[in-house]
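Comments concern the structure below.
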Amino acid sequence: MPPSQPKEGGIKGFLTRAGTSFYAGGMYFKEKSWVVAKKAGNIGFVLATTSIVVMMPLIFEIMREGQMIETDKLHVKQLRQDGYSDGQLQEMGFPKVALGLAPAVLKAP
């Protein structure tokens with residue numbers, strides 16, 4: 001049998017074993033952090049693309065609705081100057097928002 005190497009003792013042995021242990025722990029941490037970073041990147045990509053696909057059409061529609069309300073308000077203003085009443089404008093199909101009336105949800109009982 002080959003003679004076994006004696007383990008170093010004392011502070012030198014402790015520091016040698018600690019350095020080896022820290023190195024092994026660092027390599028494990030590096031490997032696991034890389035896996036976590038890749039998963040986080042994939043999750044971030046999925047969330048970003050999903051929000052773009054879902055939210056952008058909604059934002060565009062809200063902006064278009066605002067433009068339509070502003071156009072209706074200008075049209076209502078012109079019709080009021082021509083002598084039309086709010087009742088007549090509602091019969092024409094203008095929304096209450098364009099007429100400057102509070103929606104039924106906001107009215108006090």
Derivation of the side chain to side chain contact (heavy atoms under 4.5 Å, CB included) call for Val76 and Tyr84 = CA-CA 9 Å; Val76 164; Tyr84 288 92; over 6 Å; no

request  = Could you tell me the separation between the CG atom of Asn42 and the NZ atom of Lys39, rounded to the nearest 0.5 Å?
outcome  = 8.5 Å

query = Heavy-atom distance under 4.5 Å between the side chains of Leu74 and Gln78, does that happen here?
reply = no

query = If you draw a 6.0 Å radius around CE in Met92, do more than 12 non-hydrogen atoms from other residues or ligands fall strictly inside?
reply = yes

inquiry  = Test side chain to side chain contact (heavy atoms under 4.5 Å, CB included) on Met27 and Tyr23; report intermediate values, then the result.
reply    = CA-CA 6 Å; Met27 293 305 292; Tyr23 179 77; 3.8 Å; yes

Side chain Gln90, main chain Gly87, donor-acceptor under 3.5 Å = no

Between CD on residue Gln88 and CG on residue Asp86, distance to nearest 0.5 Å = 9.5 Å

ask   = Where the side chain of Ser51 meets the backbone of Leu47, is there a donor-acceptor pair that is under 3.5 Å apart?
value = yes

ask   = Is there a path from Ile52 to Ile59 through hydrophobic residues (I, L, V, M, F, W, Y) whose side chains come within less than 4.5 Å of each other?
value = yes

query = Is the backbone of Leu99 close enough, under 3.5 Å, to the side chain of Arg80 for a donor and an acceptor to pair up by distance?
reply = yes

ask   = So Gln67 and Glu70, side chain to side chain contact (heavy atoms under 4.5 Å, CB included) or not? Walk me through it.
value = CA-CA 5 Å; Gln67 290 173 347; Glu70 290 300 318; 5.7 Å; no

ask   = For Glu31, which residues count as a salt bridge (Lys or Arg N to Asp or Glu O under 4.0 Å) partner, sequence neighbours excluded?
value = none

inquiry  = How long is the straight-line distance from CG of Asp72 back to CG of Leu89, given to the nearest 0.5 Å?
reply    = 10.5 Å

query = Transitively linked via ILVMFWY side-chain contacts under 4.5 Å: Val46 with Ile43?
reply = no

